[in-house]
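Only one structure is covered here, and it is reproduced in the block below.
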Amino acid sequence: MEILACPLCKGDLVLNVQSKEEDEIITGTLYCEKCNEYYPIDDGIPNMLPPQLRK
Amino acid sequence: MVSITYRKACVKLTDDVYEPAEDSFLLADATLGYAKEGMKVLEIGTGTGFISAVLQSNLDVDVLATDINPYAVRCACDNGVRTIRADMFSAFKPVQCFDMIVFNPPYLPTLEEDKVPGWLNYAFDGGVDGMRFICMFLENVPLHLRPNGIILLLVSSFTEIEKIKFLMEEAGFESQIVLKEKYFFEELMVFKGILKDKTEKMKSSGNIT
């Protein structure tokens, strides 16, 4: 998780955990303050695509 | 559900995700040949997760994979591979932390009318000259690989081999073809690149004491 960056500005992300199983984050978000953009974590998978590429 | 078993790994397949083929087997063999216990490995464009799954079924390594296709990311996760949805390296900080980075690129020269519908196009479409993602990979990979780290890149005879050698040298790699196999209509090969350590080079030339 510490090597992940915002795909738009390469800046740091703030992790917000909504649910966890043992050490694994199941749902949550990674937030970039600079771009005001959220990257969702769903079912254990971070979606690090910029919004226009997510579809 | 259809699955493939190869070198101790059982990999489930799914619709809209590239089905492992000769190229995948060749790159999996090379990856197993050069990976060592304890390595941190990144696979770009993992698809079903086949190569990463083969690797972690045989060696105690720390594997992370990416794909842009949502069905591929789901499939790779179901196959036990830690995967994030990302476009190449775009979600990673430029920290040289991986010991090995593996890529089976989409390499088919593809015109607008050759594109296949949906996410599966990402598995084949290498741009008009087939080089688009190979170039992107070689430009960015040195930012994420530790000095003396290894890249393994699958290349087809559809691609300009000499150009790849040149681009690898330009990116700071010592390149070598380590596996080669002829098939019906193409020859596939695996390029290995070792990222030259700039500080060592400077030390030996006397710039750093």
Side-chain angles (χ1 to χ4, degrees), chain A, chain B residues 14 16-17 40-49 52 62-99 101 117-122 125 133 136 139-141 143-146 149:
Chain A
M1 218 42 110
E2 64 277 7
I3 62 163
L4 292 182
C6 170
L8 299 171
C9 74
K10 292 276 167 196
D12 287 339
L13 298 164
V14 181
L15 173 66
N16 170 33
V17 180
Q18 280 151 13
S19 66
K20 222 174 165 180
E21 268 174 32
E22 287 166 26
D23 275 350
E24 202 196 342
I25 300 153
I26 304 300
T27 52
T29 54
L30 289 154
Y31 174 63
C32 174
E33 273 177 24
K34 202 174 150 197
C35 303
N36 190 25
E37 199 57 68
Y38 286 93
Y39 300 94
I41 304 171
D42 271 322
D43 212 1
I45 303 171
N47 184 344
M48 301 306 296
L49 291 183
Q52 72 273 15
L53 270 177
R54 276 177 213 163
K55 285 179 218 170
Chain B
T14 185
D16 296 312
V17 179
K40 280 177 85 165
V41 182
L42 173 66
E43 187 191 1
I44 298 290
T46 191
T48 58
S52 292
D62 181 7
V63 181
L64 179 65
T66 70
D67 208 289
I68 196 167
N69 172 350
Y71 304 105
V73 175
R74 181 72 268 163
C75 180
C77 277
D78 291 344
N79 283 319
V81 177
R82 196 155 51 102
T83 311
I84 57 176
R85 190 167 175 215
D87 184 7
M88 308 274 299
F89 296 103
S90 64
F92 296 120
K93 287 181 187 162
V95 280
Q96 297 178 303
C97 63
F98 292 100
D99 301 300
I101 301 181
W119 289 104
L120 196 56
N121 189 61
Y122 281 100
D125 185 349
F133 293 99
M136 267 167 74
E139 268 169 36
N140 288 291
V141 73
L143 300 172
H144 306 278
L145 191 68
R146 68 161 177 77

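Since we're looking at a predicted model, the values are computed, not measured. Reminder, nothing fancy here: chain letters follow the sequence lines and each chain counts from 1.
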query: Is any side-chain heavy atom of A:I3 closer than 4.5 Å to a side-chain heavy atom of B:C97?
result: yes
query: More than 12 heavy atoms of other residues, nucleotides or ligands under 6.0 Å from OH of B:Y71: is that the case?
result: no
Within 6.0 Å of CD in A:Q52, more than 12 heavy atoms from elsewhere: yes
message: Given 3.5 Å as the limit, does a donor-acceptor pair link the side chain of B:K93 with the main chain of A:D12, or not?
response: no
task: Could you look at B:I68 and say if it's the side chain, the backbone, both or neither that has a heavy atom under 4.5 Å from chain A?
output: both
- request: Only one of A:N47, A:I45, A:L4 passes side-chain contact (heavy atoms from CB on, under 4.5 Å) with B:I84; say which it is.
  value: A:L4
query: Would you find more than 12 non-hydrogen atoms of other residues, nucleotides or ligands less than 6.0 Å from B:Q96 atom CD?
result: yes
- request: Check each atom of B:V95 against the heavy atoms of chain A and say whether the ones under 4.5 Å are side chain, backbone, both or neither.
  value: side chain
- line: Residue from B:A86, B:P70, B:C77, B:A91 scoring the most non-hydrogen pairs under 4.5 Å with chain A is B:A91
field: NZ (A:K10) with more than 12 external heavy atoms under 6.0 Å
entry: yes
- line: Value for CG (A:D43) from CZ (B:R74), rounded to nearest 0.5 Å, stands at 4.0 Å
field: Greatest number of heavy atom pairs closer than 4.5 Å to chain A - which of B:H144, B:R82, B:R85
entry: B:R85
task: Sort A:L53 into side chain, backbone, both or neither according to what part of it lies under 4.5 angstrom from a heavy atom of chain B.
output: both
query: Measuring heavy-atom distances to chain B, does A:E24 have an atom under 4.5 Å in its side chain, in its backbone, in both, or in neither?
result: neither
